[in-house]
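Input: a single structure, listed below in C-alpha cells.
Just so we're clear, the structure is a prediction, and the values are computed from it rather than from any experiment. Letters A, B, ... mirror the listed sequences (proteins, then strands); counts begin at 1.
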Amino acid sequence: MLFASIILERVPLLWHNLLDGLNTWVQNAGAIAFVGIVLVVVARRLHRDLNEFTFWDFGDRLKALVPVLQACVMIAGVGYTAMVLMWTGSRLSLPWVRERFLPREHPMQPPTIGDWILTASGAFALVVVLAPVVVDLLSRIAFGRIWAVALLSWKEAIRGRVIWVFGAIALVFLFAGWFITYKPEDQLRSYVRVVYLSMSLLCLILAGLLGAFSIPNDVENNTIHTIVTKPVEKFEIVLGRFLGYGALLTIGLLVASSLSLVYVLRGVNEDAAFESDKARVSHYGMLHFVGTKSSREGENVGREWSYRSYIKGPTKQNRQPVRQYAIWDFYDFPSEVKARTTGVVFEYSFDIFRLSKGQEDKGVFCSFTLVNPKKKFANMDPSQQSRELDGVLDEMRKTREKLKSAKDKLLEEAAAALATNKQGKSKEVQEKLDEEYAELEKKEYAAIEVEVIQRFQVIHVAAQMVTDFHTQRFTIPAQEFKALTSDAGGKGPDNNLIPAVRIFVSADESEQAQMVGVAAQDLYLVVSEQPFWQNYYKGVFGLWCTHMLVLGVAVACSTYFSGVISLLLTLFYYVAGMNRQYLMQIAEGQVEGGGPGQSFIRLATRMTPSAPVDGTPTASIVQVMDRFFSWWVGRLMNLIPDVNRHDLYQFVANGFDIGWSDLLLLDNGVGLIAYLVPWAILAYYLMKYREIANPQ
Amino acid sequence: MASKEPVVVTRKLTKIYRDFWGREKKVALRALNLEVYRGEIFGLLGPNGSGKTTTIKLLLGLLFPTDGDALVFNMPSGEVQKNERIGYLPEESYLYRFLNAEETLDFYGRLFNLDADTRRERSERLIETVGLANDKKRVLKEYSKGMRQRIGLAQALINDPELVILDEPTSGLDPLGTRWMKNLIIKLRDEGKTIIMCSHRLEDVQDICDRVAILSDGELRKLDSVKNLLEDVMRLELRASGVQLNDELKKDLEEVLAKHGGKLEFIGHPTTTLEALFLRIIEESQAHPGRRYMPDAAPETPGAAPDGKPAEPADVNIKK
C-alpha cells in the first residue's frame, strides 16, 4: 500500500484556500497580461503595420470603454513600476521595504502591501485584455458557428479514422493479462494502473496531435480561407476546434473507460477486493512522534525514499528507557461517525523494517491506544502522556478484572436461576432461555468495557499483527467509541486545540529488533465506503481534465505556430508539468550540484554533486548565470500546468474515495479552468491578429 | 446593369511583405486606387506576382494592409460583418475533402447562421445549378478538379451574396465548363450581383468583364472598360463577303487606301477561335452521336468551315 505517496506529491486546493488561490491566479495571469500589453505597445512602435489593428473596436455603443481601458493600462503600469522600485529598494538593503512592501514569500504568511498592489495591478491588466474578449463573446460570437466548426472537427476526426486509437486501447485490454504480474491483493490495483496508463497515454497523444495540427493544417491547405471569408470570428474557429475534438475525446474516453471497467472488475479475488474494490471515505489525523529525536519525525533507516519515519520496538535485551510512539491526533470526527451504531473502523498500513535476517515475511505485533487527552491527562505534553500510558493500562486491567469478578458473581447467580428455570421446560423454551442468558452475558461484559473506558478515557487495542504494506483494520464498538468521545476536543486553558482522540501506536516487545515505518496517511478512520465504479469514473474525470488541458494548450499554440512546433510546445508544457516539483527546486536553487553551469563544471572536472565548487572567477560567473537561470525558471513556473493534480488513479487503484467537492470539482475542475482561461485569451489575440493567407 | 454606387473602394492600398525582423521582403501592392461598382463584372488582370491575388486577399481580410484603406460595402476589409454579403471562390477549391457536396454546403450555410430549411433548399438548388445532382453524395476527394470548382462556386453562393469574388474561376475547367462558368457569371451580374474576378485567361476576361484593371509589379497600370481598352481608334477593320481574294483586289485596295493616306497591312481569310471550333464540334457530336471523324476521308474544301458551311468572309485590317 503506497497510497501515502499520492498525498506527498502535492497538497490539493481546498475550499478555504480558494480566495488565496484566486488572488495568486490574478497576480500571475495579470502579470502575464501586462507583459503582453507591453509587448504589443513596443511592437506597434517598431512595426508600422500593426498600427492598422484596432484592438478596442467596440463600436459606437461601447466607445466610452476605450478611455476606461486606457486608464486601466496606466494604473497597472504605475502598480508594476512601484513594485519594481520596491524590489530595487530591497536590493539596496532597505529592510522596511522588504518587510512591508515586497510580496510574501509563502502563501501561509499574511499578505503584504506589495501583494495587494500586485493583485490590483494584475486585475487592471486582466480587465484590459479581457474586455475585447468579453465584448466579442457577448456581441459577435455565435454558438451556431462554433457548433458548425465543432461538428466539422468531429467528422474530420471520425473520417480520418482517429477512432482507431480507441481500438488500440481495446487491444491493451485484450493482451494486458499476458504481461501483468501481481500479488493477489494487488490484482485490481495492477489492472487499474494498466488501464489508466494506456487510456491516458493514447488519449494524450490523440489530444496533442488533433489540437496541434488542426488549425495549421487548415492554414496550410488553405481550407481556412473559405471559413474566414464567411462571417466567422476567428476565435469561433478556435472554440469550435477545441469543443469538437473535446467532445470526441470525451465520448471516446467514456466508452473506453466503461469497457475497461468491465475488464478491471472481472474475477476480482478476495484479497484484492478488500484492498481496492471500494472507495473509502477516510478521515486523517496529524502525525507526530515521542521517544525519537524529533517530535516531527521518527528514526531514519536509510531508505532512499525518506517519506516514512520509523519507530523502534523494544526487545528483551533492550527494554527502551523511553518508548517510541507514533501518535495520530484526530481533532474532530464527521458527524456520521459520531452517530454511528455499528463499529468505528480504523485502517492502517505500515512498512515493516527488520534489523535481523530471516524474519522478513513475519509480521510485527503493534498496539494501538486511543486516548481522550482532554479527560485523561492533565498534562497535554504527549511525551509525558506516553510515559503515563503503561501505568494507566495497568490500572485499567486491574479495574476491568475487579468489575469482571463482580459481574461473574452476578452472572453465576443468573446461571443458577436459569438452570432452575429450565427444568421441566420444552427443548425450544430451554434453547430460548439459553439465548437470553448468552445475550445477557455479552451485554454485561460489554458494559464492563464501556464502564472502564468511561472511567479511564482510554481504549487499548493490543497485539495486532501488522504485516508489511498490507491494509489492515481494527474496529471499535460504537458504544465504546461514544464513551471515549462523549466529551472530547475543544480548546485547552492556553486556547490551543485539544485533539478529540489521540492514538498512540507502538511496536510490542519481541525477541529481535524491529521497526515500523509510518506516514501521516498510513492510519485513518474509515468514514464510509462508496462503490468502486463511481470512484473509477471520478478518476477518469481526472484523466479527462489532463486531456482537455493538453488539447487546450495544443489548440492555443496552433493559432500561431506550425503543427510540429505546437505539438513540441505542448509536449514541453506537459513534461514540465509532470516535473513541476523538480523545476521548483531549480527555481529555488535547491538542486544538489547547482544549476546547469555548475553541473557542467562538475562533469568536466569530475566533481561530485556535493563537493563545493572552487572560488575561481569562472566558477563565480557560472554561479551568477545559474542564479539568473533559476530566476527565469521561477518566472516560467507560472506558465507550467500542474498536471499531477489530475492524476487520480492512485486513489482508484488503492480504493480511496475521490471527494466530489474538494478534489474533483475544486482541485481538478476549477484548476483546469484557471489554467485554460489564460491560454484561451492568448489564443483569441493570436488568432484575431494573425494574417490567415500566406504571402504570394 | 452597373450603377455608379461603389461596392469596393481602395485608397492607396499597399501591402508590403516583411520578414520576422520587420525587414521589407517584397512590395506586393503599391498605392492601389480603384472602385468597383454595383452590378458590374470587374476583372483583375496581370502576370504572376502582379498583385491580383493579394488585392483579393486584402479585400477579404485574409491579409492586413500595410498602408491605405480597403472598404467593402463601406466597411473596413477586416470587419467580419461584411462577409455576410460576400461570396468567395478561391483559385483552387479549398474545401474539406472528407465531406460530400450536401455536407459541404450545409457546413458553409451554418457559418451564415442559415436555418435548416433554408440550408436544405439552397443546397439542393445550388447543387442542381452547378450540375452535381448525381454526385452530391460522393465525398469531394473523389471529385475531378472541375467538379470541385463547381461545388466551390456553389459554396460561394450559399448566402446569396451581393458581391462575388472569384479567383481564377475557370482554372481547371474544360471548354464546356468554362463556357458554363462564364454564362453563370453573366447571369449573376444580370441578377444584380457585383463580380470581381481575376484570371490569367484573357479571352475569358475579354468575353465577360465590363471593366478591367491591369496590374503589374504591384501597381495599377490600366483601368477602364474592356471596350475602351481594346478599341484601337488609329486602325480600321473591314469585313467583306461575296468576293474572292486575288491580286487585283489587293492592288485596288492598296490604291484606295493610299489615296486616303493609309496603308494595307493584311488581307486574308478570317479564322475562328479554337474554343468556338471545339464547342461547335462537341455540340454537333451531342446532336449526332453516330457521326465519327474518318482520317482517310477526303479533305474538306479549303476555306470551308468544318461543318461544310461556306467560309466566313475575309477580315481586312486596314491601318490608316
Side-chain angles (χ1 to χ4, degrees), chain A residues 43 45-54 57 59 136 139-162 214 217-237 240 688-696, chain B residues 15-18 21-22 25-26 28 48-49 51 53-54 56-58 60-69 76 78-99 103-104 106-115 139 152 155-156 158-159 165 167:
Chain A
R45 292 269 166 226
L46 294 177
H47 284 257
R48 232 183 116 253
D49 301 15
L50 295 175
N51 288 323
E52 294 302 315
F53 301 156
T54 318
D57 181 20
D136 264 6
S139 62
R140 292 172 176 230
I141 306 281
F143 183 73
R145 291 193 290 264
I146 297 171
W147 175 244
V149 178
L151 215 59
L152 178 85
S153 309
W154 172 274
K155 282 180 183 166
E156 188 176 28
I158 299 282
R159 292 180 190 178
R161 297 182 174 82
V162 164
S214 59
N217 276 350
D218 274 356
V219 173
E220 199 180 319
N221 299 331
N222 293 331
T223 40
I224 202 165
H225 290 193
T226 46
I227 296 183
V228 294
T229 50
K230 307 285 181 278
V232 175
E233 288 291 333
K234 290 175 193 164
F235 191 51
E236 288 172 339
I237 301 173
K688 183 156 185 164
Y689 297 107
R690 78 168 283 179
E691 288 188 325
I692 293 296
N694 297 314
Q696 276 188 351
Chain B
K15 180 65 191 177
I16 301 171
Y17 292 123
R18 298 179 193 276
W21 305 106
K25 258 173 43 183
K26 192 195 169 193
N48 287 339
T53 304
T54 299
I56 282 184
K57 285 176 177 172
L58 284 165
L60 289 165
L62 292 170
L63 292 173
F64 302 139
T66 309
D67 204 359
D69 296 311
E79 181 56 62
V80 171
Q81 271 181 319
K82 74 174 193 315
N83 294 345
E84 298 268 8
R85 301 155 73 181
I86 295 179
Y88 170 55
L89 172 69
E91 181 176 352
E92 282 183 43
S93 179
Y94 301 129
L95 303 173
Y96 292 96
R97 297 188 174 200
F98 53 87
L99 299 177
E103 288 170 333
T104 300
D106 185 68
F107 168 64
Y108 290 106
R110 281 175 189 270
L111 297 184
F112 285 98
N113 271 341
L114 300 178
D115 61 73
V139 288
Q155 68 79 28
I158 190 76
N159 58 322
I165 299 179
D167 193 354

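- Residue contact with chain A, scored on non-hydrogen atoms closer than 4.5 Å, is absent for B:Gln81.
- Residue-environment remark: CD (B:Glu84) exceeds the threshold of 12 foreign heavy atoms within 6.0 Å.
- Ranked by non-hydrogen atom pairs under 4.5 Å with chain A, the options B:Glu79, B:Lys82, B:Arg97 are led by B:Glu79.
- Counting only residues at least two apart or on different chains, the salt bridge (charged side-chain N to carboxylate O under 4.0 Å, His left out) pairs with a member in residues 221-236 of chain A are A:Arg140-A:Glu233, A:Arg145-A:Glu236.
- Between the side chain of A:Thr226 and the main chain of B:Tyr94, a donor-acceptor pair closer than 3.5 Å is present.
- Using a 4.5 Å cut-off between heavy atoms, B:Gln155 touches chain A through backbone and side chain atoms alike.
- The minimum heavy-atom distance between A:Thr223 and B:Leu95, with the atom names listed, is CG2-O, 3.6 Å.
- In terms of heavy-atom pairs under 4.5 angstrom with chain B, the leader among A:Ile224, A:Leu151, A:Val232, A:Leu152 is A:Leu152.
- Put simply, of B:Phe112, B:Tyr88, B:Phe107, B:Tyr96, the one with the most heavy-atom pairs under 4.5 Å next to chain A is B:Tyr96.
- Proximity to chain A involves both the backbone and the side chain of B:Leu99, based on heavy atoms less than 4.5 angstrom apart.
- A:Glu156 meets the side chain to side chain contact (heavy atoms under 4.5 Å, CB included) test with A:Arg241, A:Tyr245, B:Phe98; sequence neighbours excluded.
- Two residues are said to be in side-chain contact when any heavy atoms from C-beta on lie closer than 4.5 Å; A:His225 and B:Lys57 meet this criterion.
- Scanning both residues, B:Leu111 and A:Ala148, for their nearest heavy atoms gives CD2-CB, 4.1 Å.
- A donor-acceptor distance shorter than 3.5 angstrom exists from the side chain of A:Glu691 to the backbone of B:Phe64, with no hydrogens or angles considered.
- Between chain B and the options A:Ile227, A:Asn221, A:Val228, A:Ile692, heavy-atom pairs under 4.5 Å are most frequent for A:Ile227.
- Counting all heavy atoms, side chain and backbone alike, A:Gly144 lies closest to B:Asn113 at CA-OD1, 4.1 Å.
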